[in-house]
Every structure is written in C-alpha cells, then in structure tokens.
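I have placed the structure first, in the form of structure tokens, so that the comments after it can refer back to it.
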Amino acid sequence: MCPGSRVFRLKCAKSELRLDITLQCGQSFRWREISPGQWRGIIRNRVWTLSQDDSHIMFQTHSSENVSARQTDLSKQVSTIQMKQKASFGQATKRKNTEDIKMSPTNKRIRNNQYTKIYDCEINELNDIGENKLKEELRNYFRLDISLESMYSLWSKADVNFAAVSPQFHGVRIMNQDAVENVFSFICSSNNNIQRISLLVERLCKIYGSPLAAVDGITWHSFPGVSSLAAPGVEETLREHGFGYRAKYIHKSAQMIMEEGGDSWLHSLRSLPYYECHSQLMRLPGVGAKVSDCICLMSMGHLSAIPVDTHVFQIAARDYLPHLRTCKTVTEKVYHEIADHFRNVFGEYAGWAHSVRQMIMQYSNISLIWNSVAILNFPRYI
DNA sequence: ACCCGACCTGCTAT
DNA sequence: AATAGCAGGTCGG
C-alpha cells in the first residue's frame with residue numbers, strides 16, 4: 001500500500017466479494033489494477049485503494065495531502081481561469097470554450113494537474129472522516145448488506161447454467177454506483193468496447209472533473225457535474241477529444257437533466273417503480289433500452305433490471321428462447337420478452353443474477369483466449 | 001410494428 | 001502498408 005495514509009480492514013469473506021471481476025467487468029470504468037491484487041478507483045469523490053484476502057477487504061483513501069507541491073504561478077492562473085469558466089457556465093460564451101479546446105498540450109497538462117491547490121481546503125475538511133464512515137461507504141458501494149452466498153444458491157436452483165458456471169466465481173457483485181457517473185459512462189458505452197469506454201470516461205473526468213488527489217504521481221479527477229456537461233461548447237470539445245457521435249448525446253442529456261431539475265431529479269428516479277424509472281431514463285438522448293437498464297440496475301437500485309445487449313440476445317436465443325433465433329434485430333418486443341424471461345427465472349434480483357452469469361461467461365471466455373490452459377486474468381486497460 | 005443504415009473512433013485480422 | 005470488420009447501441013427514415 002502507498003505510505004502516508006492509514007490502511008483499514010473490513011471483515012468480508014472473499015466468497016462475498018471478489019474484487020477482480022467485480023471491478024473490471026464493465027460496471028464501472030474507472031478502477032485500475034495498480035499492482036497485482038490491488039485496485040484503485042473512486043467512490044463518492046474519494047480515491048480509494050482496495051485489496052483483499054480471504055476474510056477481509058483492506059482499504060485506504062487518498063486525499064490531496066499527497067498531491068505534490070510543485071505548482072507555478074502560471075498554472076495557478078490557468079487553473080483559476082478554468083475554475084471561473086466552470087463556475088459561471090450560465091454566462092460562459094462559446095468562444096471561451098473554443099479557446100479552451102485550442103490550448104497547447106503543455107498547457108493542458110498544466111491545467112489538468114493544477115486545480116489541486118484550490119481544492120486543498122475542501123479536501124482537508126474531508127480528511128476528518130472516521131473509519132466507520134468509510135466502512136459504511138464501502139458497504140454501501142458494494143451492497144454488502146446483501147448476502148451473496150444465499151443468493152447464489154437460490155440462483156443456482158433457478159437456472160442450470162448459473163449452477164454450472166458459478167461455483168468457481170463466488171463474490172461477483174453489482175455495485176451501487178453514482179447515478180451521474182453511471183448515466184454518462186453508459187452513454188459512452190454504445191457501440192463501443194470496454195477499453196475505449198474507459199478511455200473516454202477518463203477523458204471526461206480530466207476535462208470537466210476536478211482533481212481529488214494525486215497518488216503515485218497520478219492525479220485523480222472527480223466525475224464531472226451535470227451542469228459542466230450542459231455548458232455551451234461541450235459537444236464540440238468532446239468531439240475533438242474523440243467521443244464521436246456520443247458527444248452530442250452527452251451534451252443533450254446533460255441539458256435535459258438540468259432542465260428537469262439536475263441531480264435531484266436524477267436521484268428522484270430511484271424511488272419510481274422500475275418500469276417508470278426505465279422509461280424516464282430513456283427520454284435522455286443516447287439512452288436506449290439497454291443503457292437505461294444498465295443505469296436502473298447499477299445506480300437506481302432496481303436490481304431486477306436486465307440489460308439486453310447483442311451478446312445477451314444471442315445467448316437467450318441459443319439457450320433459452322429458440323423461437324427468437326430467426327429475429328433479425330432486437331425490437332422492443334423481443335427486448336422485453338428476453339428481459340421478462342430472465343426476471344421470471346431469477347426473481348427479485350434477476351438483474352444481479354443475470355449479470356453475474358454473463359460476467360462469468362465473459363470472464364471465462366476472455367481468459368481462455370488469453371491463456372488456453374488456465375483462467376488467469378482479465379485484460380488490463382490502458 | 002419492424003427493419004435498415006448511418007453514426008465516431010480505434011483496434012484486429014486479413 | 002492499406003482496409004474491411006467490429007465493438008456490451010441509439011436514432012430516424
């Protein structure tokens with residue numbers, strides 16, 4: 001572990017949580033394996049490092065105390081200007097943002113590293129967080145209040161395929177993610193691969209997020225607020241940064257969320273019944289049925305939501321619903337038929353069960369491609 | 001109601 | 001060395 005901040009232990013059997021698959025299976029796109037068995041990422045605007053043994057999760061959090069002190073006056077100026085721009089999104093002109101885009105790579109590098117000083121005071125206030133509160137955040141993020149062992153045995157009874165693949169892969173969890181991060185990450189996911197999704201999400205944070213802490217020389221940024229993604233010029237900027245057609249979706253969705261009432265509107269969807277939540281999210285540009293279900297499942301607390309992607313469609317047609325083999329495309333009707341089928345099979349936590357099965361299958365396949373003898377590792381990103 | 005092509009980008013496999 | 005093919009989709013005709 002990185003020296004400087006204290007390492008805590010949270011009692012948690014490995015059969016209840018397996019970090020490697022859970023963190024790298026395409027739920028969240030911001031976790032990195034910084035050394036074997038050691039993961040670093042962000043929960044609730046704090047940088048965490050996690051590892052585990054058979055009985056405990058070891059964790060530590062990182063604050064900007066660790067940010068190296070090198071900072072020039074120039075970069076301070078740059079960052080102050082940037083902050084002002086961010087703060088006054090309402091009055092920000094398109095031209096200001098265009099200037100932003102055209103910054104030289106050097107200036108960009110300076111800028112990206114250097115909001116830090118400004119945030120020091122805020123972060124230091126956060127330092128006073130007790131061990132118990134951190135543990136609570138961890139429990140909440142991984143939904144540790146739900147016992148997985150009993151769920152696995154339930155799901156194994158419900159589905160022979162689950163029973164077949166699950167024994168070697170206990171502890172795969174659906175995380176309870178931040179809704180804003182979830183929405184925009186999965187807008188990035190359309191017609192895309194995990195490697196590039198991770199890259200885009202990281203880029204989004206670097207451009208529009210704020211620095212949280214520098215750890216081992218790497219500055220970690222918060223996920224951008226909705227208002228900064230709704231600001232003028234965002235689409236153009238994101239296009240220049242390789243987001244392709246998703247740039248428009250991100251910008252328009254951010255604007256729509258702001259019109260509806262911002263974060264509080266998004267969070268209020270949690271309390272709607274699943275189907276209503278699902279259709280409300282689908283109003284956002286770039287959010288179709290599949291992405292909406294990802295969000296329902298991973299950040300809205302609707303654990304019966306089943307994201308049906310092309311892969312799920314193929315498996316469903318092959319192994320469960322043969323009459324769908326002739327379908328050319330996944331229409332809304334077919335989509336719901338597949339989702340409803342798995343909800344009937346698995347019951348209340350169908351989305352979790354189904355995702356675990358998919359992840360395991362995917363994990364196994366990918367590993368087998370990488371090493372034809374043993375199941376070793378998930379591919380590393382970046 | 002269903003089907004189809006277009007859409008950005010970057011990595012693979014010919 | 002160039003180029004089709006494709007990746008956990010979405011949208012509009």
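All values derive from a computational prediction rather than experimental measurement. Each chain gets a letter, A, B and so on, in the order its sequence line appears, and its residues count up from 1.
When heavy atoms are screened at a 4.0 angstrom cut-off, Pro285(A) is found touching the sugar-phosphate backbone but no base atom. Looking at heavy-atom distances under 4.0 Å, Ala247(A) makes no contact with the nucleic acid at all. Here Val287(A) lies in heavy-atom contact (under 4.0 Å) with sugar-phosphate atoms only. The residue Leu284(A) sits close only to the backbone: its heavy atoms come under 4.0 Å of sugar-phosphate atoms, none of a base. In this structure, Arg246(A) reaches the bases: a heavy-atom distance under 4.0 Å links it to at least one base atom across the strands shown. Using a 4.0 Å heavy-atom distance criterion, Ser189(A) is classed as making no nucleic acid contact.
Here the P atom of nucleotide dC2(B) and the CD atom of Glu337(A) are 11 Å apart, to the nearest Å. Between the CZ atom of Phe313(A) and the P atom of dG9(C) there is a distance of 12 Å, given to the nearest Å. The CD1-P distance, from Ile197(A) to dG10(B), rounds to 14 Å in whole Å. Going from atom NE2 of His241(A) over to atom P of dC8(B) covers 17 Å, rounded to whole Å. Atom pair Glu332(A):CD and dC3(B):P shows a separation of 13 Å (rounding to whole Å applied). The distance from atom NE2 of His278(A) to atom P of dG9(C) is 14 Å, rounded to the nearest whole Å. In this structure, Glu235(A) places its CD atom 9 Å from P of dC8(B), rounding to the nearest Å. Leu200(A) places its CG atom 15 Å from the P atom of dG9(C), with the value rounded to the nearest Å.
Ring pair Trp155(A)/Phe346(A) is perpendicular by interplanar angle, where above 60° counts as perpendicular and below 30° as parallel.
Between dG13(C) and dC8(B), the distance separating the two P atoms is 15 Å to the nearest Å. Here the separation of dA6(B) from dA4(C), taken at their P atoms, is 14 Å to the nearest Å. Comparing dT10(C) with dC11(B), their P atoms sit 24 Å apart, to the nearest whole Å. Across the P atoms, dA13(B) and dG8(C) are found 14 Å apart, a figure rounded to whole Å.
Salt bridge status for Glu136(A) with Lys133(A): absent, with no side-chain N to carboxylate O gap under 4.0 Å. Ion pairing between Arg357(A) and Asp159(A) holds under the 4.0 Å rule for side-chain N and carboxylate O. A salt bridge does not link Glu348(A) to Arg343(A): none of the charged side-chain nitrogens sits closer than 4.0 Å to a carboxylate oxygen. Salt bridge Arg40(A)/Glu33(A): absent, no basic N to carboxylate O contact under 4.0 Å.
Closest to the Asp309(A) side chain, of the nucleotides dC11(C), dC3(B), dG8(C), is dG8(C). Taking only side-chain atoms of Tyr245(A), from C-beta outward, the nucleotide of dG9(C), dA7(C), dC4(B) with the closest atom is dG9(C). Proximity note for Asn191(A) (side chain, C-beta onward) versus dC4(B), dG8(C), dG9(C): the nearest is dG9(C). Listed candidates were dT10(C), dA7(C), dC7(B). Nearest to the side chain of Lys290(A) is dT10(C). For Lys328(A), taking side-chain heavy atoms from C-beta onward, the closest of the listed nucleotides dC8(B), dC4(B), dC11(C) is dC4(B).
The partner of dC8(B), taking Watson-Crick or G-U wobble pairs whose two distances both stay under 3.5 Å, does not exist in any strand shown.
Closest heavy-atom contact between Gly244(A) and Arg239(A): O-CZ, 3.7 Å. In this structure, Met58(A) and Val7(A) approach most closely via the heavy-atom pair CB-CG1, 4.1 Å.
Both Asn193(A) and Val291(A) sit near DNA chain C, but only Asn193(A) has its closest nucleotide nearer the 5' end.
Side-chain nitrogen and oxygen atoms of Thr310(A) include none within less than 4.0 Å of the OP1 or OP2 phosphate oxygen of dG8(C). Between Arg196(A) and the phosphate of dA7(C), there is no side-chain N or O to OP1/OP2 separation shorter than 4.0 Å. Between dG8(C) and Ser190(A), no contact under 4.0 Å exists linking OP1 or OP2 to a side-chain N or O.
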